[in-house]
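See below for the structure under consideration.
Note that these values count all heavy atoms, side chains included, but never hydrogens, waters or copies made by symmetry. Here the structure is a predicted model, which is why all the values come from computation and not from measurement.
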Amino acid sequence: MAKTAKGVPAGKVAPVKKTASAKKAAPPEKVTVVPEKATAAVKKAPPARTVAPKPPRNESRTALVRRARRINRELAEVYPYAHPELDFENPFQLLVATVLSAQTTDLRVNQTTPALFAEYPTPEDLAAADPEEVEEILRPTGFFRAKTKSVMGLSKVLVEEFGGEVPGRLEDLVKLPGVGRKTAFVVLGNAFGRPGITVDTHFQRLVRRWRWTEETDPDKIEAAVGALFPKSDWTMLSHRVIFHGRRICHARKPACGACPIAPLCPAYGEGETDPEKARKLLKYEKGGFPGQRLKPPRSYLDAGGRPAPPLGAG
């Protein structure tokens, strides 16, 4: 029988000796990845991935302040058009709209208040209104009987104690029916230009995810977060955090893979980390959908945002 040069019969394959290199290779170690910093552009290609340096649990106070302020700066670049998402033309409209926003969306309030303010444009008008007619207008906002009582009650107090004008002091605002610190700071910050932190459900969720505080009481959260920033930052910080919570860092399924501050977030990975899948979770202008205001600021429209439709449209 013919043999090969190595003495193996022709037509047969020489057996291969097992070596260490032939053994099954161990799977590579999994690396946690997050997207690179996003720009403020509304529509953009999915971001690339990079390794995320998570903040340590034993973070010093100085490191916390630096990280918190850096997050604020990053959000300012992503949301240069951040604004209160309630439509209003004066302090009275903002006060009423904010009270109505409890337990519903700003969008639904914005779709409801045009009819309310067309019929009752001043505190005097609303204070003297027929409660049943007001209830019917406010029905789409939910809890419409309690809300009718609050907005008519605060209108009456404005007329009787403040000459029909919305006061510009915290201590006066919180005396009005249905008005707490959150509502008061919305009005002070956006109608009077006085700094305040708005601790709504989005703000509470995000600052705890970011480990800015472990407090759960809104007043204590307000104090803890306020201590990390100069007063001049408070109002816009609130808008940016709330914008981010509504658009990307959702309660049930945050879009971690599309988050511009992922490298600074200790909670990265709680939501969808795949960039393509995460982009499908984006809401409002980030996902190409209309915003919450029927009459949004010009800066929002210039950035690609679209106004919301009126009640009953589409």
Side-chain angles (χ1 to χ4, degrees), residues 29-40 47-84 170 181-182 184-186 188-190 193-251 254-271 273 275 278 286:
E29 185 178 351
K30 186 177 181 181
V31 179
T32 302
V33 291
V34 301
E36 289 181 348
K37 171 184 168 184
T39 65
R49 293 181 170 189
T50 182
V51 177
K54 284 195 174 183
R57 285 194 172 274
N58 59 346
E59 187 176 39
S60 70
R61 176 71 180 182
T62 300
L64 170 60
V65 170
R66 287 175 177 169
R67 182 169 61 85
R69 294 186 181 186
R70 183 178 171 190
I71 286 176
N72 185 37
R73 291 194 299 270
E74 299 281 348
L75 293 180
E77 291 187 21
V78 178
Y79 308 107
Y81 45 79
H83 57 271
L170 175 65
R181 289 178 68 88
K182 184 194 82 169
F185 281 131
V186 170
L188 290 173
N190 299 289
R194 296 176 183 171
I197 292 178
T198 303
V199 184
D200 72 349
T201 55
H202 301 288
F203 194 93
Q204 291 184 52
R205 178 176 73 254
L206 268 63
V207 299
R208 285 175 57 79
R209 277 180 176 168
W210 296 336
R211 294 189 197 149
W212 287 4
T213 180
E214 294 183 356
E215 300 289 352
T216 55
D217 177 76
D219 291 352
K220 292 181 179 179
I221 291 174
E222 175 196 322
V225 175
L228 300 175
F229 298 89
K231 269 190 175 184
S232 58
D233 287 352
W234 287 358
T235 298
M236 286 308 301
L237 169 71
S238 299
H239 291 327
R240 293 164 190 154
V241 173
I242 293 170
F243 252 61
H244 192 63
R246 286 175 171 165
R247 286 152 178 75
I248 296 178
C249 196
H250 312 135
C256 294
C259 181
I261 60 166
L264 301 169
C265 180
Y268 173 78
E270 286 187 9
T273 57
K286 291 296 177 186

From Val199, Val225, Leu206, residue fulfilling side-chain contact (heavy atoms from CB on, under 4.5 Å) relative to Val241: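 It is Leu206, the one option of Val199, Val225, Leu206 that forms the side-chain contact (heavy atoms from CB on, under 4.5 Å) with Val241.
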Qualifying residue, where the test is side-chain contact (heavy atoms from CB on, under 4.5 Å) with Glu222 and the options are Gln204, Glu215, Arg181, Lys182: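 It is Arg181; the other options fail the test.
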Tell me, do [X] and [Y] make a side-chain contact under 4.5 Å, heavy atoms counted?
X	Y	result
Val186	Ser238	no
His244	Val78	no
Ile71	Arg240	no
Thr235	Phe185	no
Cys259	Tyr268	no

Nearest 0.5 Å, what's the [atom1]-[atom2] distance between [X] and [Y]?
X	Y	atom1	atom2	result
Asn72	Ile261	CG	CD1	10.0 Å
Ile242	Arg205	CD1	CZ	10.5 Å
Asp219	Ile197	CG	CD1	11.5 Å
Arg67	Glu59	CZ	CD	4.0 Å
Leu264	Leu75	CG	CG	9.5 Å
Arg246	Thr201	CZ	OG1	8.0 Å

Side-chain (Trp210) to main-chain (Ala68) donor-acceptor, under 3.5 angstrom: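 No, Trp210 side chain to Ala68 backbone: no donor-acceptor pair under 3.5 Å.
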Between Phe203 and Trp212, ring centroids under 6.0 Å: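 That pair fails the under 6.0 Å test.
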Pair Arg70 + Glu74: basic N to acidic O under 4.0 Å: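 Looking at Glu74 together with Arg70, the answer is yes, because their closest N to O distance falls below 4.0 Å.
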Set of residues satisfying side-chain contact (heavy atoms from CB on, under 4.5 Å) with respect to His83, sequence neighbours excluded: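 Applying side-chain contact (heavy atoms from CB on, under 4.5 Å) to His83 gives Glu85, Phe243, Arg293, Pro297, Tyr300.
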